[in-house]
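Working notes, structure below.
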2 protein chains.
Amino acid sequence: MRVSYARAHHCATVIFGHVTDRPGRRRDSERRDRDRRDLAAMVHPVLRLLVAAELPVLAAHDVSMWSYSVLTALDDGPVRTQATLAEAIGADKTRIIGTLDELQDAGLISRTPDPNDRRARLLSITDEGRRVRRAVRAQIRAKEEHLLARLTPAERTTFVRALEKLSALSPDDLSDDTRPRRTD
Amino acid sequence: MRVSYARAHHCATVIFGHVTDRPGRRRDSERRDRDRRDLAAMVHPVLRLLVAAELPVLAAHDVSMWSYSVLTALDDGPVRTQATLAEAIGADKTRIIGTLDELQDAGLISRTPDPNDRRARLLSITDEGRRVRRAVRAQIRAKEEHLLARLTPAERTTFVRALEKLSALSPDDLSDDTRPRRTD
DNA sequence: TATTGTTATACTCTATAACTATA
DNA sequence: TATAGTTATAGAGTATAACAATA
């Protein structure tokens with residue numbers, strides 16, 4: 001995930017001069033929602049901001065974004081095989097191999113052959129890996145505070161809660177098939 | 001911005017078994033906030049969800065993500081030169097040229113030489129371009145409803161408001177230099 | 001035959017630098 | 001000399017297919 005640092009000052013000025021819309025008495029909240037930018041057009045800059053804030057922290061600890069993602073998954077969850085880990089962090093089997101090699105060379109994770117299935121290699125985070133992960137996380141949390149400080153306490157709580165809800169969804173949850181209507 | 005459709009079922013189970021933390025009487029909200037995932041780890045899956053939802057819509061109208069971004073900027077703002085447009089959408093001068101060529105060939109934008117500066121080419125969206133942009137937006141909004149429907153009305157309002165606030169920030173707004181303290 | 005981990009290849013995207021034509 | 005637009009080249013990142021070992 002590479003992100004350019006170019007600032008995305010998406011022009012927020014929305015002009016609907018010649019949109020002939022029935023001049024009903026809409027509430028402000030409805031008008032607000034209609035005139036807002038697309039969600040992706042707002043979420044993307046926020047992600048770039050977050051990544052830009054995280055990269056220096058990661059670099060200071062000599063870990064890549066993928067490495068940090070792997071360490072996080074291994075620290076939070078039980079031992080995994082490479083395939084399950086890859087799916088857990090939304091990556092590809094082939095994509096994380098280089099990352100795992102680096103992490104192993106750095107002594108942050110260990111890969112031991114599975115006695116029950118000699119094809120598989122069981123992954124686990126080392127004490128040093130745990131230390132690095134948590135040091136990085138602490139610094140990232142500090143950076144996040146700069147962002148969240150722009151919100152009111154109530155906004156902040158709701159924003160994080162909403163993020164937790166939405167980030168847990170799978171693409172299937174958004175498919176049109178979930179609509180109650182049936183064609184038969 | 002290419003996004004794999006692999007589901008990011010980030011394991012949300014957080015285990016702090018051996019983190020010796022003073023067992024004070026923390027409020028639930030504080031504990032919640034401490035045990036949550038990193039913001040980027042939540043924002044990223046949300047963006048992927050949104051992009052996955054948008055791509056089919058864009059494909060149906062034969063426009064790329066960058067094309068839609070350009071059409072949006074030109075529809076919402078005044079006529080721009082290519083350089084200013086590029087910066088407005090967070091892209092690079094050289095990166096959008098191919099996109100502009102496609103849009104021009106498709107008759108969705110026009111590029112006319114600037115009479116005052118024969119180096120520059122003034123951009124403007126055509127009626128057809130406006131039609132496409134708004135048709136795409138309407139469909140994207142419909143898809144977004146699937147996502148936002150997972151939130152309560154109050155959560156939704158606050159979430160969108162928070163996104164508007166945060167997405168308007170520039171990297172400078174997050175730098176450590178903004179802290180009130182000085183070293184001298 | 002299917003699966004785990006791995007490697008190799010090709011393809012996409014991006015950044016950088018160079019070029020032109022104007023100013 | 002500097003700038004707007006363009007083009008070309010190199011590099012990073014990714015997906016896909018193919019492979020060896022094991023089930």
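Lettering follows sequence order; numbering is per chain, from 1.
Each of A:D92 and A:D117 was assigned the nucleotide of DNA chain D with the nearest heavy atom; the assignment lying further toward the 5' end belongs to A:D92.
Between the base of C:dT22 and the side chain of B:R118 there is no donor-acceptor pair shorter than 3.5 Å. With hydrogens and angles left out, the side chain of A:R119 and the base of C:dT3 share a donor-acceptor pair within 3.5 Å.
One finds a side-chain N or O of A:R111 lying less than 4.0 angstrom from the OP1 or OP2 phosphate oxygen of C:dT6. A:W66 has a side-chain polar atom (N or O) that falls below the 4.0 Å cut-off from OP1 or OP2 of D:dT14. OP1 or OP2 of D:dG5 has at least one side-chain nitrogen or oxygen of B:T81 nearer than 4.0 Å. Using a 4.0 Å cut-off, some side-chain N or O of B:R95 falls inside it from OP1 or OP2 of C:dA15.
Counting heavy atoms from C-beta on, the side chains of B:R121 and B:R111 come closer than 4.5 Å. At a threshold of 4.5 Å between non-hydrogen side-chain atoms, the residues A:M42 and B:L166 do not count as touching.
Of the listed residues (A:R130, A:R137, A:R80), just one forms a salt bridge (charged side-chain N to carboxylate O under 4.0 Å, His left out) with A:D75, and that residue is A:R130.
The distance between atom CZ of A:R80 and atom P of C:dT4, rounded to the nearest whole Å, is 15 Å. In this structure, B:I97 atom CD1 and C:dC19 atom C1' are separated by 12 Å, rounded to whole Å. The interatomic distance linking B:M65 (CE) with C:dC13 (C1') rounds to 13 Å, in whole Å. Between the P atom of C:dT7 and the NZ atom of A:K93 lies a distance of 15 Å, rounded to the nearest Å. Per the geometry, CG belonging to A:L123 stands 11 Å off C1' belonging to C:dG5, to the nearest Å. At whole-Å resolution of the value, CG in B:L100 and P in D:dG5 are 9 Å apart. D:dT22 atom P lies 15 Å from atom CG of A:N116, rounded to whole Å. One interatomic measurement links the two molecules: CD of A:Q82 to P of C:dT7, which rounds to 10 Å at whole-angstrom precision.
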- Query: Passes side chain to side chain contact (heavy atoms under 4.5 Å, CB included), A:R161 versus B:E155? Steps please.
  - Reply: CA-CA 8 Å; A:R161 176 83 192 103; B:E155 276 179 338; 3.5 Å; yes
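Using a cutoff of 4.0 Å between basic side-chain nitrogens and carboxylate oxygens, A:D76 and B:R37 are not scored as salt-bridged.
You'll find that the side chain of B:T94 is closest to C:dT16, out of C:dT6, C:dG5, C:dT16.
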